[in-house]
Amino acid sequence: MHELVTIELSVNGVARSLLIEPRETLAEVLRDRLGLTGTKVSCDAQVCGACTVLVDGLAMSACTYLAVDADGRAVRTVEGLATDGVLAPVQQAFVDKAAFQCGFCTSGMLMAATALLEDNPTPTREEVVRGLEGNICRCTGYVPIVEAVLAASRAGDAAGAARIEQGSENSGGAR
Amino acid sequence: MATDVLGAPVKRVEDPRFISGKGRYLDDIKLPGMAHLAILRSPYAHANIRSIDTSAAKAAPGVVAVITGADIPYNPLPMAWPAGGASGIQNNVNTPRALATDSVKWTGEGVAAVVAETAAQAVDALELIQVEWEPLPAVTDAEKALADGAPQLHENAPNNRVFDWQVGDRAATDAAFAGAEVVVSQRLVNHRLIPNPMEVRGDIGWYNPGTDEYTIWMSSQTPHIQRLLLAAFVMGVPEQKIRCISPDVGGAFGSKIYCYADMALSLFASRLVGGRPVKWVETRRESFGSTIHGRDHITYVDVAATRQGEVKGLRVRTLANLGGRLSTIGPGIPTTLYGRILSGPYKIPAVHCEVTGVYTNTTFVDAYRGAGRPEATYVVERAMDLVADELGIDPAEVRRRNFLPPDAFPYDNPSGLLTAVNGSKLYIDSGNYEPAMDKALAMAGYADMAARKAEARARGKLLGVGLSTYIEVCGVAPSKWIGAVGEGWGAAMWESSNIKVHLTGKVVVTMGTQPQGQGHETTFAQIVSHELGVPMEDIVVQHSDTQGTPFGYGSYGSRTSNVGTGAAVKAAAKIRDKARRYAAHMLEANVDDIEVEGAEYRVKGSPDKKKTLQEIAFALDLAFDTPPGMEPYLDETAYHDTDNCTFPFGTHIAVVEVDEETGNTELVRYVAVDDVGKKINPMIVDGQLHGGIAQGVGQALWEEAVYDDDGQLLSGSLLDYALPRAEWLPSFELDETVTPSPVNPLGVKGVGEAGCIASTAAVANAVNDALSPLGIRHLDMPFTAQKVWSAIQSAKGGQA
């Protein structure tokens, strides 16, 4: 048996204290210890983005992120996106634009898009595409996904939407 | 009255759970007391197993059991679709066992398994299993495997031949070539692909020692078929003792149709450990070797044409690499689903095709999105461009001169669709090819391409445009044809639907079909809402559990729209008919006087005398007052066997720019006009097209399974195997024509594979067009920068 260690972290705003094996990944802890199975493991090699979660606001691959490294940090998953049962704008946009089919990549896409939009609320198409470069979808291609992220950005920032529609320079956010 | 939602882009019933991370896929299921299984896989592509020592693994922490092939009764997995089996063609069949015993035929074949308390402990213990190997020479290429002196895989398959199959009219084809004005020939490689659905495969086997029954959750497209195959061929237990359940399936693309060793292994393991549930989920790296691959054809094509570009004959010889052993329907894909549609949308009078199936030391090959049809489309669409290139005629014009005219349907094609031993025929049901092509040409600005090429060249880019005027074959059917055609397909091809209208008026529809992301819970609800006048929110669609759904063949081959919808429409008609008879009883009227509008059943001429479907269901389900002979409950089942396949078609146009300096190829525009008949939900149709196009583009530009000469899979992870990404693709421009299919009640055709069938050839034609100014006539896919750069250097006479 491996030696167990204690980590303390916030998951979707709830403080958690967990006794884990040092080798456990964040994905394993979220899925197996906390029952948050919305985070999906697919490539197991940090190249497909299905397991993307936010750690202190940054998009991370939970499949290769050791849970001990999340000690003291704030983790957000797909389960934390909706508020009181109301979908976040990016979730609603994915539904409106039919941006998913089997749903397996969707959680990671949503988290990558959330990180992108929090960093840059009014991205151009090019910036959205670059923001999703770490996420693979096999069912839907990417056109509806990119459109959904753009729609979510507009829903969240009308002024930005106006700028994008006029084709003027984008502010670029705080990158 | 409910709004008619048939044909409307309604939001999907599935969306709320998938958008919130609450889909329940195989690995999300945890059962009490569940143990975990891991499989030791062969590091060699070809080797004999001298011995396996499991003693150290058995003593490892957390290990519950260690299993080798010797522990499992000899029940090789079934192979259900020999090539021309009933026509007397020899199929030298070798299929995998649950675990290999004597030898392995590819890297990744399972040789031992560990059951442990945790998945990590199971994987740790695998390293303690000692296998004494006797490595053998390997061969991975189909052409090399057939050559004299090649390593031999199986005693019953001399020269590694699985079968020699042919279709079409050899004499007529020879005559066409004898009198041909122009003959064009080319060797074409349709390289091997790895399906890579985002959810890998997995199973949970659960044996019940009390009842001697087995339950298995599986990430599968075909739970009913798996129950049949596991019972009849693998587990040695009767069918009623096995229950198969597919939870939410995270994509499949054909890779989850088959009977896999791990299914039997998880059930066997659960029984071995006293009935604890046993879960196995493959890793992505494991998936690359142990889940089927697709394509892998080497084809020699000859085209006979007139100087005006009319194609008079097509001669095709294909070597189909089927891997080290045969998958469930492996031989059927490069034969029936390929050779029989080689003439595509064209009036080519003479076609002959020979296919040799070949064993190599590679992962087994089976149906991957499109399954035979992308390979056939690639051959005939490259052939059209090669003819155009040879004659100096525009590729669109060559296609126009060869299209079947709209009055040609129903059309018996010469490449063998009509072949049947009992007179049962398949025909191309409908088509109107020129309007779709003209629309796509206009959208793409095809007339201006010369100017755009010149403009690109000035920027150092070679611009190419490629057409693919494809047809698809949806819903391989009917059963009498597939059974009679002499192809040996060991199953029927109908579908089933049960509809119950409960006391409350709520409707439960159970289907034999099995979605993997296509939104069946939405589309079937739309259909039943349309048929019964019940609002969609009062309808639930259930599927994917052999306990509680009628037998069905599952979903693949774009068959659900053509076959499954027919079953639902029929079951609804039966419900309507019984409701009408009972309404007559309730309203004390003659049944012939009951008219139905939506969910209202009323007496003609007396609009006040009416009952709703809910009122009828309430009374009939309670059955306090039923007429003599009428059974209680609104509960009807229908089976539907379509009369024919459907044949969607369209024109896809790809525009690429090749960097002359680096060889990098960029897809800059993509236009698609598809005719999939009537649409149940256009939003879902568009999704299928977008995904299919991206997948086909992936084959043309990036994806390739690469083995070294020893049979090691070099492209064995997603770090090495390039799936399409958002930044590599432009926005696709989609449009449609609508030619309803006459073969099913809704006029629908199917769309699951169309994008993938069309787009590979369109991009390949575009890249070859881009390279043609350099004198390059044909380059095989995938068009990686290194390959294209080398070709450019060779063409320029430099050192590649």
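Numbers restart at 1 for each chain; the letters A, B, ... are given by sequence-line order, proteins then strands. Because only heavy atoms are used, hydrogens play no part in the values below, and waters and symmetry mates are left out as well, while side chains stay in.
Contact of B/E727 with chain A is made through backbone and side chain together, with heavy-atom distances under 4.5 Å. Neither the backbone nor the side chain of B/P9 comes within less than 4.5 Å of any heavy atom in chain A. For B/R12, the part lying near chain A is the side chain, with the backbone staying farther off; criterion is any non-hydrogen pair under 4.5 Å. Of the atoms belonging to B/P515, not a single heavy atom falls under 4.5 Å from chain A. Of the two parts of B/A694, only the side chain, counted from C-beta on, holds a non-hydrogen atom closer than 4.5 Å to a non-hydrogen atom of chain A. Using a 4.5 Å cut-off between heavy atoms, B/K22 does not touch chain A at all. At a 4.5 Å heavy-atom cutoff, the contact between A/L110 and chain B is made by side-chain atoms alone. For A/D96, the parts lying under 4.5 angstrom from a heavy atom of chain B are both the backbone and the side chain. Neither the backbone nor the side chain of A/I145 has a heavy atom closer than 4.5 Å to any heavy atom of chain B. For a residue to count as touching a neighbouring chain, one of its non-hydrogen atoms must lie under 4.5 Å from one of that chain's; by this rule B/V249 touches chain A with the backbone only. Contact of B/D248 with chain A is not made at all, since no heavy-atom distance falls under 4.5 Å. When heavy atoms are compared at a cutoff of 4.5 Å, B/D686 does not approach chain A at all.
By number of non-hydrogen pairs under 4.5 angstrom with chain A, the leading residue of B/G23, B/G251, B/P724 is B/P724. Note: B/A120 leads B/A120, B/P197, B/S717, B/G519 in heavy-atom pairs under 4.5 Å with chain A. Of all the listed residues (A/V146, A/L81, A/V95, A/V128), the one sharing the greatest number of non-hydrogen pairs under 4.5 Å with chain B is A/V95. Taking B/R17, B/K30, B/Q516 one by one and counting their heavy-atom pairs under 4.5 Å with chain A, the maximum is reached by B/K30.
Closest of all the heavy-atom pairs between B/L718 and A/C43 is CD1-CB, 3.5 Å. Here the shortest heavy-atom pairing between A/C139 and B/F253 reads SG-CZ, 3.9 Å. A/F104 approaches B/Y25 most closely through the heavy-atom pair N-OH, 3.5 Å. The minimum heavy-atom distance linking A/C102 with B/G250 is given by the pair SG-C, 3.3 Å. Between B/I19 and A/F94, the shortest heavy-atom distance links the atoms CD1-CB, 3.5 Å. The two residues B/S731 and A/V143 come nearest to each other via the heavy atoms CA-CG2, 3.7 Å.
With values rounded to the nearest 0.5 angstrom, A/D44 atom CG is found 6.5 Å from B/T283 atom OG1. Distance check: A/C137 SG to B/H690 NE2 gives 11.5 Å after rounding to the nearest 0.5 Å. Here CD of A/Q91 is found 7.0 Å from OG of B/S20. Values are rounded to the nearest 0.5 Å.
Atom CZ of B/R669 sits in a crowded spot, with more than 12 heavy atoms from other residues, nucleotides or ligands closer than 6.0 Å.
No side-chain heavy atom of B/M198 sits less than 4.5 Å from a side-chain heavy atom of A/T106. Between B/R284 and A/S42, some side-chain heavy-atom pair lies under the 4.5 Å cut-off.
The pair A/K40-B/D27 does not count as a salt bridge, with every side-chain nitrogen at least 4.0 angstrom from each carboxylate oxygen. A salt bridge links B/D124 to A/R23: one of the charged nitrogens lies within less than 4.0 Å of a carboxylate oxygen.
Annotation: side-chain hydrogen bond (donor to acceptor under 3.5 Å, both in side chains) contacts involving residues 136-149 of chain A, sequence neighbours excluded, comprise A/Q101-A/T140, A/R138-B/Y368, A/R138-B/E703.
Residues A/T37 and B/R24 have side chains that never bring a donor and an acceptor to within less than 3.5 angstrom of each other.
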